[in-house]
**Student:** 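I am attaching a structure below and will ask some questions about it afterwards.
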Number of protein chains: 2
Amino acid sequence: MWTFWTRGYHATSIDDLVKTTGVARSGIYAEFGGKEEAFANCLEHYREAVAGPAIAILTNHESGLKAIRAYFGFFIERHRQHGLPGPGCFLANSVTEMAPHSQAALETASAHRRDLQQGFKAALCRAAFELNSHAAPDDLDGLANFLAVASQGLWSYARAMDDIAELEQFAREILALVEARLSNFGDAGDDCQA
Amino acid sequence: MWTFWTRGYHATSIDDLVKTTGVARSGIYAEFGGKEEAFANCLEHYREAVAGPAIAILTNHESGLKAIRAYFGFFIERHRQHGLPGPGCFLANSVTEMAPHSQAALETASAHRRDLQQGFKAALCRAAFELNSHAAPDDLDGLANFLAVASQGLWSYARAMDDIAELEQFAREILALVEARLSNFGDAGDDCQA
DNA sequence: ATAATTCAGGAACGATCGTTCCTTAATGGG
DNA sequence: CCCATTAAGGAACGATCGTTCCTGAATTAT
């Protein structure tokens, strides 16, 4: 999976897979059936083993705000350990490379985006309660969508950056924006006119 | 350029270029020297002919807020005309595909990111003045960085979406977030403690 | 009108691609 | 101890890759 993840589909040859995995040529075809199916398999495995646990952070914490902070903290910590530039998000990379020519990759990625958006939505609901925010459900949907886009953007940027401090600043800025917006909803009926 | 843009570097063959551009095989090598150089040339051309004018929107409007709104409006309008899924941002696509293995693509893209960030910064300075915001220069840097990341995320998402209304919602949410944060700075010394 | 020059178009090269198939070493049942 | 079964390792296939080179038609200068 790592090879597909870092190099992408087209830039990875069967020879590369043989060398990096140790599995013999025939083994790859016996187990998966070919390059395309092996790639799809890796994409699914990534969703379960990498993306899934990351999204689970959003639902594991009781506090919504802490959950969102923990999600971005996990992101930063991961890149602090592995170093920059990172491999990015395998799903996002694949969509960029394959879409709009591969329907399968597109569907897998949109399923992932839905999961991520729902995770953020659930955390935001709790956060809005904690902050006594008067945000409407539609507002939280919009915020959740935004957080999904922003976090995907962060993952993508991590593939092309070499300064972890800059990445941290981005993450902090996103958190500050969301908190400001949430409290903006909360104050909406009190002292603001918008 | 369009072929490289939509399909990416590795998935585009010289045959594809011959068929889509009409230029003969030898012409491509006579004019550019090879596939890699042709790709680099397209990347530079994209920066000048596509990314440049888009960034110029941010500096052309006198009003900072209008400039930022116009930038995202241009983005939406472009995708409304061309239809979804769009080709994404050629520079961002290339970074995702080539980084971290191609230093050249990485440098071109980071130069683009700097341009975009500076464009947003200039517009934000004017916007902060318009709104009587008390945001510090560092705050505006952070906001500009955020806007750069978010707009890149939007371009990337446009490559994998088919509903323009959803794209519009994302753009509106980003604008709302930035405006909320700007006015949050403005109120910082008045009735908030953060 | 003729000769020199240019450049599009395509044939052909070696390398590498994804895939298939055959050989061979390891394993388990008789 | 011997044979049937399995799976790994690598040779080899046609197709396609990026690149080079050659041919022939169009153009320009003399």
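Chain identifiers are assigned alphabetically (A, B, ...) following the order of the sequence lines, protein sequences preceding nucleic acid strands; residue numbering begins at 1 within each chain. Quick caveat, the model's predicted, so the values are computed rather than measured.
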**Student:** Hey, is B/R25 close enough to B/D15 for a salt bridge, meaning N to O under 4.0 Å?
**Tutor:** yes
**Student:** Would a line drawn from the ring center of B/F32 to the ring center of B/F4 be shorter than 6.0 Å?
**Tutor:** no
**Student:** With ring centroids as reference points, do A/F120 and A/Y71 lie under 6.0 angstrom apart?
**Tutor:** yes
**Student:** Roughly how far, to the nearest 0.5 Å, is CD1 of A/I57 from CZ of A/F74?
**Tutor:** 5.0 Å
**Student:** Between the main-chain N or O of A/G86 and the side-chain N or O of A/R159, is there a donor-acceptor pair closer than 3.5 Å?
**Tutor:** no
**Student:** Of all of residues 23-42 of chain B, which get a heavy atom below 4.0 angstrom from DNA chain C, listed by number?
**Tutor:** B/A24, B/R25, B/S26
**Student:** Quick one: do A/E179 and A/R69 make a salt bridge, cutoff under 4.0 Å?
**Tutor:** yes
**Student:** Classify the angle between the aromatic ring planes of B/W5 and B/W2 as parallel (below 30°), tilted (30 to 60°) or perpendicular (above 60°).
**Tutor:** perpendicular
**Student:** Can you name the salt bridge (Lys or Arg N to Asp or Glu O under 4.0 Å) partners of B/K66, sequence neighbours left out?
**Tutor:** none
**Student:** Suppose we screen for salt bridge (Lys or Arg N to Asp or Glu O under 4.0 Å). Which residues come up paired with A/R47, at least two apart in sequence or across chains?
**Tutor:** A/D115
**Student:** Can you give the first and last nucleotides of DNA chain C, 5' to 3', that have an atom under 4.0 Å from a heavy atom of chain A?
**Tutor:** C/dC17 to C/dC21
**Student:** Could you work out how much the helix from C/dA1-D/dT30 to C/dG30-D/dC1 bends, comparing the axis of its first five pairs with that of its last five, to 10°?
**Tutor:** 10°
**Student:** Please list, chain by chain and in numerical order, all residues satisfying salt bridge (Lys or Arg N to Asp or Glu O under 4.0 Å) with A/R80, sequence neighbours excluded.
**Tutor:** A/E77, A/E168
